[in-house]
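Please read the structure below before turning to the comments.
What you are looking at is a predicted structure, and each value in this text was computed from that prediction instead of being measured. Quick note on labels: first sequence line is chain A, next is B, and so on, each numbered from 1.
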Number of protein chains: 2
Amino acid sequence: MKPENRKQEIINAAAVLFKEKGYSAVTMRDLASAMGIKAASLYNHIQSKQEILSNIIISLAEEFSTGINSINNSETNAIQKLEKIIELHIDVTLRNADGLASLNNDWMHLEENNLLYYEKMRREYEDIFRAIVKKGIRAGDIKTYDVEIIVFSTLSTLRTLYLWYPKQKKINPELLKHDMISVLLKGLV
Amino acid sequence: MKPENRKQEIINAAAVLFKEKGYSAVTMRDLASAMGIKAASLYNHIQSKQEILSNIIISLAEEFSTGINSINNSETNAIQKLEKIIELHIDVTLRNADGLASLNNDWMHLEENNLLYYEKMRREYEDIFRAIVKKGIRAGDIKTYDVEIIVFSTLSTLRTLYLWYPKQKKINPELLKHDMISVLLKGLV
DNA sequence: GTCTATATAGGGATAGAC
DNA sequence: GTCTATCCCTATATAGAC
């Protein structure tokens with residue numbers, strides 16, 4: 001096994017533990033034990049605990065950043081863009097639900113430039129999302145509720161998918177996408 | 001100042017810090033510093049760090065438990081019950097947004113009986129919520145999407161309110177309730 | 001690539017003076 | 001009710017043998 005693979009194994013194992021207890025409560029001994037080795041051995045593959053966290057979070061944040069920019073640049077209306085954003089979140093959740101726990105709950109433990117970089121991406125993501133909703137309202141495609149409430153309620157559902165999805169083993173991704181789009185955009189009543 | 005007041009001050013200060021960094025990353029020295037005293041002095045008012053956490057979480061969980069039981073026992077239809085649940089979450093968030101961060105993110109650091117007690121209340125809360133949605137679907141008041149998706153998307157929005165509300169200082173609670181009910185129940189489109 | 005041993009720092013909590 | 005001093009434990013990380 002090449003070092004890069006072993007490193008990724010460690011990062012994946014860490015993501016599972018971080019999801020269960022949070023970054024701060026997981027020790028390098030916990031992580032080593034989950035890998036079946038001693039804590040000191042981890043340092044042959046990674047430089048620090050912090051490096052593991054930034055690896056998990058930054059790659060995910062960049063995925064969302066790339067995704068929403070590509071969606072935003074497409075020639076579609078606001079509703080279609082929101083549908084694409086919902087699909088983006090579902091796709092990322094299917095691929096890396098564990099890592100999303102750190103993205104959502106442990107980003108504040110990033111250090112220095114990584115923290116600033118994360119915060120910048122998050123701000124830009126929300127700005128694009130907000131702009132899409134505003135355009136949709138102006139075009140008459142979206143009802144004229146408070147923009148912030150719409151952005152918040154939609155995003156909080158999408159961001160929490162990682163908690164919920166693993167418990168619904170049987171659910172079909174296509175059904176999930178369809179019903180999630182319906183529930184979020186067309187309401188329950 | 002009576003000891004009970006001082007104790008509550010400590011718990012309130014702790015809730016703010018737990019919200020910012022999470023239970024595990026906040027030290028008793030951090031908390032003491034926020035109170036303007038030394039760490040050892042905290043122990044004149046509280047027995048342990050764990051006691052602070054359980055105070056924050058258990059009282060909030062009991063509030064939700066009482067609230068949803070009372071709503072569920074009222075003679076109203078599913079939609080009216082859901083509206084009341086949304087109001088319940090908004091009311092609790094207005095009163096104690098800081099504590100809700102611990103309820104949502106740090107419950108797994110509860111110990112022994114408190115952990116079991118919390119998990120029981122949470123399970124019962126979700127069961128009641130799910131039963132209300134199911135009744136609403138059977139009565140034809142709620143569209144026939146996947147029940148779990150409805151429960152999840154609604155609850156995740158309500159549970160995340162604590163993150164979002166403090167940033168919207170100007171928003172009127174009544175407008176918030178009205179628009180939140182509209183967005184969650186009637187959709188965006 | 002993993003181990004044992006260890007350095008160094010900081011955690012929660014207590015004792016006892018004031 | 002708060003302080004200083006301190007106990008004991010565990011954290012991240014490194015050094016060097018195998």
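Between A:Tyr43 and D:dA13, a side-chain N or O to OP1/OP2 separation shorter than 4.0 Å is present.
Between the side chains of B:Asn5 and B:Glu9, no donor N or O sits under 3.5 Å from an acceptor N or O.
Using a 30° and 60° split on the angle between ring planes, A:Trp164 and B:Phe152 fall in the parallel class, below 30°. Using cut-offs of 30° and 60° on the angle between ring planes, the pair B:Trp107 and B:Tyr118 is parallel.
If you measure from atom CE of A:Met28 to atom C1' of C:dT6, you get 17 Å, rounded to the nearest angstrom. Straight-line distance from the CD1 atom of A:Ile10 to the P atom of D:dA13: 13 Å, rounded to whole Å. We find that CD of B:Glu51 is positioned 15 Å from P of C:dG12, with the value rounded to whole Å. In this structure, the NZ atom of B:Lys49 is 8 Å from the P atom of C:dA13, given to the nearest Å. If you take NE2 of B:His45 and C1' of C:dG12, they are 17 Å apart, rounded to a whole angstrom. Between the CG atom of B:Leu42 and the P atom of C:dA15 there is a distance of 17 Å, rounded to whole Å. As rounded to whole Å, 13 Å separates atom C1' of D:dG1 from atom CD of B:Glu9.
Here the closest heavy-atom approach between residue A:Asn69 and residue A:Ile128 is recorded as OD1-CD1, 3.6 Å. Pairing each heavy atom of A:Met28 with each of A:Ala39, the nearest pair is O-CB, 4.0 Å.
Summary of the strand contacts: A:Thr27 and A:Gln47 both lie near DNA chain D, and taking for each the nucleotide with the nearest heavy atom, the more 5' one is attributed to A:Thr27.
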Extract from the structure each pairing of a protein N or O with an N or O of nucleotides 3-6 of chain D at less than 3.5 Å, listing the distance.
from  : atom 1 : to      : atom 2 : distance (Å)
D:dC3 : OP2    : B:Lys38 : N      : 2.4
D:dC3 : OP2    : B:Ser41 : OG     : 3.0

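Counting only residues at least two apart or on different chains, the side-chain hydrogen bond (donor to acceptor under 3.5 Å, both in side chains) pairs with a member in residues 173-189 of chain B are B:Asp91-B:Lys177.
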